[in-house]
Amino acid sequence: MASKKELQTILREEYGINKNISQSLAPEDCEQLLVTLRSQPSAVKLVDSFAEKNADLGNRNRHFGQLRSRAESKLETLQAEYQQLEGEVAELGKQVAELEGQVEAMEAAKAALTDRKDVIKTETQALEAEINRLQMEKRLLSSRVQTLTTQNDELSDANMELKKDNKELKNVVDQIRLRLARDTKVLLQYEDNELRKALIRLFRWTLG
């Protein structure tokens with residue numbers, strides 16, 4: 001009696017029955033199947049039909065297996081892409097949050113600058129008013145200085161005239177005193193006491 005392996009080989013080569021089909025059969029069953037196929041052509045046709053169906057199913061299984069493998073590979077790729085996209089979305093979310101924070105900070109800085117601008121504008125207006133007031137005071141002071149300068153020049157001229165007049169007056173007074181002293185000296189030579197006393201009093205009065 002042939003071994004099961006040999007019988008499976010014969011079944012596969014002569015009738016197209018794969019070993020995965022005959023694997024569950026005992027050696028006796030394989031031998032009985034082989035005898036039946038050899039003696040009954042209708043059984044061979046049935047086996048051929050089953051073999052054809054089995055081959056078709058095998059082809060289909062291989063095709064679907066390939067499709068499944070490709071689908072699984074595509075699924076893994078899509079999952080990896082999805083995870084990558086999730087990471088990118090999360091990173092974009094962080095960037096958006098940072099940008100929103102920067103925008104808020106810029107808006108706050110803009111508001112502060114606007115307030116500072118208003119303060120500077122108010123201060124500038126106050127300074128312009130103060131400058132205008134000081135310019136007006138400067139014009140008034142310039143006018144007053146010009147007036148005082150004119151008055152000072154007039155006083156200087158008047159002072160010079162007074163000095164000149166005083167000098168001339170002093171000369172006149174000195175001449176009068178000199179003339180009076182000389183005349184008084186001549187009159188004192190007379191013996192009239194009353195006259196002499198009056199002349200002396202006059203002479204002293206002229207001397208101050």
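Sequence positions, counted from 1, serve as the residue numbers for this chain.
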Could you check whether any side-chain heavy atom of [X] comes within less than 4.5 Å of a side-chain heavy atom of [Y], counting everything from C-beta outward?
X    : Y    : answer
Q32  : L25  : no
I21  : L11  : no
N132 : Q135 : yes
T147 : Q151 : yes
E137 : L134 : yes

Worksheet entry | Short N-O contact, K94 and E98, less than 4.0 angstrom | no

Discussion item. Taking K164 first and then E161, would you say they form a salt bridge - that is, a charged N and a carboxylate O separated by under 4.0 Å?
Written reply: no

Taking the side chain from [X] and the backbone from [Y], do they hold a donor-acceptor pair closer than 3.5 Å?
X    : Y    : value
N166 : L162 : yes
N171 : K167 : yes
S3   : E6   : yes

Working to the nearest 0.5 angstrom, can you tell me the gap between [X] [atom1] and [Y] [atom2]?
X    : Y    : atom1 : atom2 : value
I17  : T9   : CD1   : OG1   : 12.5 Å
Q23  : K5   : CD    : NZ    : 11.0 Å
D118 : T122 : CG    : OG1   : 6.5 Å
S73  : L78  : OG    : CG    : 9.5 Å
D29  : L33  : CG    : CG    : 8.5 Å
K170 : Q175 : NZ    : CD    : 11.0 Å

Step through the shown structure and confirm whether more than 12 heavy atoms of other residues, nucleotides or ligands are within 6.0 Å of [atom1] on [X].
X    : atom1 : answer
R144 : CZ    : no
K19  : NZ    : yes
R60  : CZ    : no

Worksheet item: K110 and M106: side chain to side chain contact (heavy atoms under 4.5 Å, CB included), yes or no, with the steps?
Response: CA-CA 6 Å; K110 180 181 178 181; M106 291 176 65; over 6 Å; no

Item to complete: Identify the heavy atoms of E31 and L7 that sit nearest to each other, and give their distance.
Response: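 Smallest interatomic distance, heavy atoms only, reads N-CD1, 3.8 Å.
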
Fill in: Closest non-hydrogen atom pair, C30 against Q8
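That closest heavy-atom pairing would be SG-CG, 4.5 Å.
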
Discussion item. Could you go through L67 and R70, starting from their C-alpha distance and side-chain angles, then the distance that decides it, and tell me whether this counts as side chain to side chain contact (heavy atoms under 4.5 Å, CB included)?
Written reply: CA-CA 5 Å; L67 292 177; R70 287 196 292 270; 2.9 Å; yes

Discussion item. Between V119 and R116, is the side chain to side chain contact (heavy atoms under 4.5 Å, CB included) condition met? List the steps.
Written reply: CA-CA 5 Å; V119 172; R116 181 57 181 164; 3.8 Å; yes

Fill in: S142 and Q146: CA distance, side-chain angles, deciding distance, side chain to side chain contact (heavy atoms under 4.5 Å, CB included) verdict
CA-CA 6 Å; S142 297; Q146 186 174 0; over 6 Å; no

